[in-house]
Amino acid sequence: MIDLANDRILSIPDASRYLRKRLREKKRPHTATVYRWTHQGLNGVLLESVQIGSKRYTSVEALQRFTRELSGVS
């Protein structure tokens with residue numbers, strides 16, 4: 001669950017850019033891909049997000065939990 005008081009909040013486009021920097025790849029996941037992860041998930045795992053007004057946000061910590069679950073790490 002995203003904690004708005006303590007987590008580092010990112011807009012969906014910012015999350016896409018953040019992943020590129022962290023993964024050190026030339027290409028980043030498309031913004032639509034990150035958005036899809038928040039609604040449909042990937043391999044049964046949803047990326048946690050919150051809707052504030054008309055924008056959707058996630059967090060650095062939610063991205064870490066998402067990738068940890070996808071990797072099968074407990």
Side-chain angles (χ1 to χ4, degrees):
M1 176 133 205
I2 294 177
D3 181 1
L4 293 174
N6 296 314
D7 287 359
R8 292 173 283 174
I9 304 300
L10 299 170
S11 67
I12 299 300
D14 288 342
S16 176
R17 286 187 284 274
Y18 174 83
L19 287 171
R20 178 180 152 220
K21 289 178 185 175
R22 298 303 295 175
L23 298 174
R24 296 183 183 155
E25 293 181 4
K26 291 184 180 185
K27 294 181 92 175
R28 62 186 164 106
H30 195 274
T31 301
T33 301
V34 179
Y35 182 81
R36 189 170 44 253
W37 292 343
T38 67
H39 281 79
Q40 297 174 354
L42 179 64
N43 297 330
V45 180
L46 279 176
L47 174 60
E48 297 170 23
S49 67
V50 293
Q51 180 105 17
I52 302 173
S54 63
K55 291 196 171 207
R56 184 157 297 276
Y57 298 87
T58 189
S59 69
V60 172
E61 293 77 9
L63 286 167
Q64 291 170 341
R65 288 188 292 272
F66 180 71
T67 55
R68 189 170 42 242
E69 284 187 53
L70 286 173
S71 300
V73 179
S74 302

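FYI, the numbering just counts along the sequence from 1. Every heavy atom of this structure was used, including side-chain atoms; hydrogens, water molecules and symmetry mates were not.
Listed for the E61 side chain is a donor-acceptor partner under 3.5 Å among the backbone atoms of R8. Panel note: side chain T58, backbone E48; a donor-acceptor pair is recorded below 3.5 Å. Side-chain atoms of D3 come within 3.5 Å of backbone atoms of A5 as a donor-acceptor pair (strictly under, hydrogens ignored).
For the pair R56 and T38, the tightest heavy-atom approach, listed with the atom from each and the gap, is CD-OG1, 3.5 Å. The shortest heavy-atom contact between P29 and L19 is CG-CD1, 3.8 Å. Scanning both residues, R65 and S59, for their nearest heavy atoms gives NH2-OG, 4.4 Å. Taking each heavy atom of Y35 and I12 in turn, the nearest pair found is N-CG2, 3.8 Å. Nearest heavy atom pair, residue L42 against residue F66, reads CB-CZ, 4.0 Å. Of all the heavy atoms in I2 and D7, the pair that sits closest is CA-OD2, 3.5 Å.
Here the straight-line distance linking atom CH2 of W37 with atom OG1 of T67 works out to 9.5 Å at 0.5 Å rounding. Once rounded to the nearest 0.5 Å, the distance linking CD1 of I9 with OH of Y57 reads 9.5 Å.
Under the 4.5 Å side-chain heavy-atom criterion for ILVMFWY residues, no single connected hydrophobic cluster contains both I52 and V60.
Exactly one of S16, S11, P13, S49 qualifies for a side-chain contact (heavy atoms from CB on, under 4.5 Å) with V34. That residue is S16.
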